[in-house]
Amino acid sequence: QDIEEQKKIGKYFEELERLITLHQRKCDEVKTLKKYMLQKMFPQNEQKIPEIRFEGFTEAWEQRKLSEVAEIVGGGAPSTNIPEYWDGDIDWYAPAEINDQIYVDGSERKITKLGLEKSSAKILPADKTVLFTSRAGIGKTAILRRSGATNQGFQSMVLNDETNPYFVFSMSKFIKEEAERVASGSTFAEVSGKMLGNLAFMFPTKKEQDKIGEYFSNLDNLITLHQRKCDELKELKKGLLQQMFC
């Protein structure tokens, strides 16, 4: 390679690095903002109003048990020895599938209608269910985009019409902390549906929940966007390094 080509390649990768750093920094900034706003937009230490609110909202928040705003639904598993119960078209989630994603709309394994009937698994409705892992890592959450069922590693919240799913999803950090506090078990910690249902949190009106849910949804979208861009650029760099240096 002559020096000119080396310079060109060097400049190209320098630019790629700059873009990766930029998106990573943006992503981290929004994550920091989100962490800060979670502390400020949800009442802390038994307060009835948060420090930061949207204009026009003045009413005190009310304490409610999760069982008052949602039906807590556990999961179940059909027998693995009966093929007729498996490979159907009903989504059936395991805790390992719930990671950093916000929405889930397709599970790795699926069960049949017969499998559902022959187990304690129940169909959870789309767009109003927040999946909540109750053991083997308590408190991982995701919003169900398509109706489906779960195994026994969940106590999911099927929210009533007066409760915004994204609002509840946004407060999952607080729910997780409380659930871990009350969890019991000799082999591994687990939280039951009753325990989860008894946990109480502060809730504003549905209108205010909608605004808060929308705000955090926008923040999460920005985080996802910058993270995706960052990952794409890293993949591009990796591919080009292999192709441009043989």
Side-chain angles (χ1 to χ4, degrees), residues 23-66 68-70 72 93 95 97-105 124-133 137-146 154-180 196 199-231:
H23 284 292
Q24 194 57 64
R25 191 180 299 136
K26 273 285 183 206
C27 189
D28 294 343
E29 279 171 11
V30 184
K31 279 181 179 169
T32 305
L33 172 66
K34 181 187 172 185
K35 202 172 161 188
Y36 174 80
M37 292 310 267
L38 278 172
Q39 295 299 327
K40 300 291 179 188
M41 291 179 81
F42 288 85
Q44 303 295 313
N45 310 323
E46 300 186 13
Q47 294 292 315
K48 295 215 161 144
I49 53 169
E51 280 186 52
I52 295 177
R53 293 182 95 171
F54 287 105
E55 214 177 310
F57 295 105
T58 53
E59 290 169 58
W61 290 31
E62 287 176 16
Q63 192 179 52
R64 292 202 191 106
K65 286 183 178 179
L66 287 180
E68 293 173 50
V69 300
I72 313 291
Y93 293 93
E97 293 175 69
I98 313 300
N99 298 305
D100 294 333
Q101 74 276 54
I102 295 161
Y103 296 100
V104 286
D105 55 10
L124 303 161
D127 301 319
K128 56 188 300 181
T129 301
V130 177
L131 299 182
F132 187 91
T133 59
I138 290 171
K140 291 193 289 179
T141 51
I143 299 170
L144 204 57
R145 262 270 165 89
R146 190 170 77 186
F154 291 85
Q155 292 295 341
S156 298
M157 296 173 269
V158 179
L159 304 168
N160 64 25
D161 294 338
E162 286 308 300
T163 311
N164 179 297
Y166 215 99
F167 175 83
V168 173
F169 175 77
S170 298
M171 63 188 270
S172 51
K173 168 186 176 296
F174 308 119
I175 302 174
K176 174 186 163 79
E177 284 167 6
E178 284 300 300
E180 283 175 335
L196 189 66
L199 297 179
F201 300 92
M202 301 305 285
F203 284 84
T205 60
K206 173 70 163 46
K207 222 171 179 178
E208 192 169 1
Q209 285 181 39
D210 292 343
K211 288 288 273 188
I212 294 168
E214 186 186 12
Y215 176 79
F216 282 104
S217 169
N218 290 336
L219 280 188
D220 286 336
N221 286 341
L222 271 177
I223 292 168
T224 306
L225 187 78
H226 288 299
Q227 195 58 63
R228 192 178 295 141
K229 265 293 182 200
C230 201
D231 295 344

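Bear in mind the structure is a predicted one, so any value in this text is a computation, not a measurement.
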Do you know which two heavy atoms are closest between Leu144 and Pro125, and how far apart they sit? CD2-O, 4.0 Å
Taking all non-hydrogen atoms of both residues into account, name the closest pair between Ala60 and Ile49 and its distance. CA-CG2, 3.8 Å
To the nearest 0.5 Å, atom CD of Glu178 lies from atom NZ of Lys173 at 10.5 Å
Taking side chain as C-beta onward, heavy atoms only, is Gln24 less than 4.5 Å from Gln227? yes
For Glu59, the side chain to side chain contact (heavy atoms under 4.5 Å, CB included) test, sequence neighbours excluded, returns Thr205
Validation: residues 34-43 side-chain donor-acceptor distances under 3.5 Å, sequence neighbours left out:
residue, atom, partner, partner atom, Å
Lys34, NZ, Asp220, OD1, 2.9
Lys40, NZ, Glu51, OE1, 3.1
Lys40, NZ, Glu51, OE2, 3.3

I want to check something: taking the side chain as every heavy atom from C-beta on, are Ile143 and Val168 in contact at a cut-off of under 4.5 Å? no
Could I get the full list of ring pair (Phe, Tyr, Trp, His ring centres under 6.0 Å) partners for Tyr166, not counting sequence neighbours? Phe169
Side chain to side chain contact (heavy atoms under 4.5 Å, CB included) partners of Asp161, counting only residues at least two apart: Lys128
Salt bridge check: are Glu29 and Arg25 linked by an N-O gap of less than 4.0 Å? no
Crowded around Asp100 CG? As in, over 12 foreign heavy atoms under 6.0 Å? no
Kindly compute the distance separating CZ (Arg64) from CZ (Phe201), expressed to the nearest 0.5 Å. 13.5 Å
Quick one: does Arg53's side chain get under 4.5 Å of Trp61's, heavy atoms only? yes
Is the shortest heavy-atom distance from the side chain of Tyr103 to the side chain of Arg146 under 4.5 Å? no
4.5 Å side-chain heavy-atom contact, Met171 and Met202: no
Using 0.5 Å steps for rounding, measure from the CG atom of Asp105 to the CG atom of Asp127. 10.0 Å
Count the heavy atoms belonging to other residues, nucleotides or ligands that lie under 6.0 Å from NZ of Lys229, then report whether that count exceeds 12. no
Is there a donor-acceptor pair closer than 3.5 Å between any side-chain N or O of Thr133 and the backbone N or O of Gly139? yes
Heavy-atom pair with the smallest gap, counting every atom of Ile212 and Pro204: CD1-CG, 4.5 Å
Taken in chain and number order and not counting sequence neighbours, the residues that satisfy side chain to side chain contact (heavy atoms under 4.5 Å, CB included) with Asn160 are Val69, Glu162, Thr163
Test item: Lys140 side-chain N/O and Ile98 main-chain N/O as donor-acceptor pair under 3.5 Å: yes
I need the minimum non-hydrogen distance between Leu199 and Ala179, along with the two atoms involved. CD1-N, 3.7 Å
Minimum-distance pair of heavy atoms, taken over all atoms of Leu219 and Leu33: CD2-CD2, 3.7 Å
Can Val130 and Phe132 be said to form a side chain to side chain contact (heavy atoms under 4.5 Å, CB included), step by step? CA-CA 6 Å; Val130 177; Phe132 187 91; 5.6 Å; no
Might you point out which heavy atoms bring Phe154 and Tyr93 nearest each other, and give the distance in Å? CE1-O, 3.4 Å
Is a side-chain N or O of Gln209 found less than 3.5 angstrom from the main chain of Asn164, in a donor-acceptor match? yes
Please name all residues satisfying ring pair (Phe, Tyr, Trp, His ring centres under 6.0 Å) with Phe203, sequence neighbours left out, ordered by chain then number. Phe167
Side-chain heavy-atom pair Met157, Ile72 within 4.5 angstrom cut-off: yes
Atom CG of Leu131 and atom OG1 of Thr141: how far apart are they, to the nearest 0.5 Å? 8.5 Å
